[in-house]
Amino acid sequence: MESGTSFFGDLLGTIAERGRALLDLGRERRPAGAVRAAGIIDLCERLLSGRGEASGVALAREILTAYAALKTGERVAFFEALARSFGPDAVRLDAAIAAHAAHPSTRTVAELHAASEPRRQELIRRFNLAPGATGRLVAMRADLLDCMARRADLVEVDRDFVHLFASWFNRGFLVLRRIDWSTPANVLEKIIRYEAVHEIRDWNDLRARVDSPDRRCYAFFHPALVDEPLIFVEVALTREPPAAIAPILASGRIPLDPANARTAVFYSISNCQRGLGGVTFGNFLIKQVVEEISREFANLSTFVTLSPVPAFRAWLDGERQNDASRLLTPEDRAALAAMDAPEGPDEAARAALRPLIEALAAHFFLVARSPKGRPLDPVARFHLGNGARLERINPFGDLSARGLQQAAGLMVNYRYILADIEKNHEAFFDKGEIVASSPVRKLLRAESEVRPATVKETAD
């Protein structure tokens, strides 16, 4: 993959240099750092109006190079110009609408479709002519997401990036690779840097996660982004589904003989490229890793996650601060005061709180909803949407500072049953059903709010 990509990149680079000579861009360029958004927009118009392959490659590289030199405010101006000046061609669209209304046909439908496409999409496609452009466009979209934190009016520009990325990063183009100690060091460094769930402390910690006989790590790569993982998952082989993360990450643990393992635990899934947010990889990754690891270890029968619940603490604190909440009794509120200790509740307090946290967590997953009627927790939406079922609730499964701050220490297991994945996925998206095990459903308090009809009970 690397040699082919290198050859293709060299070829595009040669075309770009020849195109630069044709355009005489070298004499038109301003001093480094002096190029501004307005000048780049002029180049964009030239790129869209041009027809030559070599000049197009050269222009695309010129634009991306100039963009990289922009400051934050100038990048906002650039995105504003994309939103304002590179939407659909209004004249062409009006003509296509009139033609289709007068004489509907497959030809007029095709023209209507082409005319309604924003000019931005073709512009971004032409940006991608430049050598190494795909990675630079992913970075550009990350800049756009930063701008959108304050500028919701740029959402149409973002929609075009996502539309194109969904095609460019289609599952058919992704390559699954196992990450182990023989993986090139530059990739291993990125695994350390991109780990988003459980920090990798050092190289010894990384080796324990990727080189132990009872550990596996897999990542998706794209041919256009050499040695740049898109998403990766860390897997632990265990006898039983775990209830806490500390034993999984313990530095002095004794590795399990994989022959004695019955469970594969997905304990960390990290997206690596912020600019690809909203482009789905995780569902394909988990399914393919299940297939891959099943071929290697035929003795595995259970596939679960050990997942954080990053939205739980905020919801719990909201209930505690809401004097009108019917969910908490005065005794509950008094007991939950132990959660406010700087280092979290001590062992005795955790034992006393466990039944309460289980009941509240069951309510959080099975009853509480966002204004759009969806589960509140993003990790829950991810796994339930991928066809897993909520298998078990684990109070105080993560006693790290981060685990206590985000989730009051709560972790959960989602279970992937291969025969049920598609059925569960469709139930979640078509009907909003939360597929949960019987033990989880039994944790709901009798006096809590009536469970919605969208909670689906499954046999164990």
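- Atom CD of Glu296 has more than 12 heavy atoms from other residues, nucleotides or ligands within 6.0 Å.
- No side-chain heavy atom of Phe221 sits under 4.5 Å from any side-chain heavy atom of Leu230.
- The ring pair (Phe, Tyr, Trp, His ring centres under 6.0 Å) check on Tyr194 picks up nothing, with sequence neighbours excluded.
- Between the side chain of Arg178 and the backbone N or O of Cys217 there is no donor-acceptor pair closer than 3.5 Å.
- A centroid separation of less than 6.0 Å is found between the aromatic rings of Tyr67 and Phe78.
- Under the 30°/60° scheme for interplanar angles, the aromatic rings of Trp168 and Phe165 are found to be tilted.
- Residues forming a side-chain contact (heavy atoms from CB on, under 4.5 Å) with Ser85 (at least two apart in sequence, or on another chain): none.
- Ala264 and Val235 make their closest contact through CB-CG1, 4.1 Å (heavy atoms, listed as atom of the first residue, atom of the second, distance).
- The shortest side-chain heavy-atom distance between Arg75 and Glu80 does not fall under the 4.5 Å cut-off.
- Between the side chain of Arg381 and the backbone N or O of Leu376, at least one donor-acceptor pair lies under 3.5 Å.
- Taking Phe364 as the reference, Phe312, Trp315 meet the ring pair (Phe, Tyr, Trp, His ring centres under 6.0 Å) condition, with sequence neighbours excluded.
- A donor-acceptor pair is defined here as one N or O able to donate and one able to accept, closer than 3.5 Å; such a pair exists between the side chain of Arg126 and the backbone of Gly50.
- Here the closest non-hydrogen pair linking Ile231 and Phe281 is CG2-CB, 3.7 Å.
- Residues Met411 and Pro308 come closest through the heavy atom pair CE-N, 4.0 Å.
- Side-chain atoms of Arg177 never come within 3.5 Å of backbone atoms of Phe220 as a donor-acceptor pair (strictly under, hydrogens ignored).
- With Thr108 contributing its side chain and Pro104 its backbone, the two residues share no donor-acceptor pair below 3.5 Å.
- Between Tyr414 and His383, the angle of the ring planes stays under 30°, which puts this pair in the parallel group of the 30/60° scheme.
- Remark: side-chain polar atoms of Arg141 are paired, donor with acceptor, to backbone N or O of Gly275 under 3.5 angstrom.
- Residues Leu188 and Leu206 have side chains in contact (heavy-atom distance under 4.5 Å, counting atoms from C-beta outward).
- Here the side chain of Ser370 pairs a donor or acceptor atom with the backbone of Lys372 at under 3.5 angstrom.
- Scanning for side-chain contact (heavy atoms from CB on, under 4.5 Å) contacts around Asp89 gives Val91, Arg92, with sequence neighbours left out.
- When the shell of 6.0 Å around CZ of Arg107 is examined, it contains 12 or fewer heavy atoms from other residues, nucleotides or ligands.
- Defined by atom type and a distance below 3.5 Å, a donor-acceptor pair is missing between the side-chain atoms of Arg320 and Asn322.
- Using modelled atom types, no side-chain atom of His222 and backbone atom of Leu174 make a donor-acceptor pair closer than 3.5 Å.
- Partners of Arg295 under the side-chain contact (heavy atoms from CB on, under 4.5 Å) rule, at least two apart in sequence or in another chain, are Glu291, Glu292.
- In this structure the side chain of Phe86 reaches within 4.5 angstrom of the side chain of Cys44, judged on heavy atoms.
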One pair to check against side chain to side chain contact (heavy atoms under 4.5 Å, CB included): Ile179 and Phe232. What are the steps and the verdict? CA-CA 9 Å; Ile179 305 297; Phe232 64 90; 5.5 Å; no
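- With sequence neighbours left out, Asp202 forms a side-chain contact (heavy atoms from CB on, under 4.5 Å) with Asn204, Asp205.
- With Glu195 contributing its side chain and Val197 its backbone, the two residues share a donor-acceptor pair below 3.5 Å.
- Side-chain atoms of Glu74 come within 3.5 Å of backbone N or O of Lys71 as a donor-acceptor pair.
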Run Arg125 and Glu117 through salt bridge (Lys or Arg N to Asp or Glu O under 4.0 Å) and show every step you take. CA-CA 13 Å; Arg125 291 190 192 100; Glu117 179 182 276; 3.0 Å; yes
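- Side-chain contact between Ile293 and Leu300 is present, with at least one heavy-atom pair separated by less than 4.5 Å.
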What do the steps show when you test Glu199 against Arg402 for salt bridge (Lys or Arg N to Asp or Glu O under 4.0 Å), and what is the final call? CA-CA 10 Å; Glu199 180 184 6; Arg402 182 180 183 182; over 6 Å; no
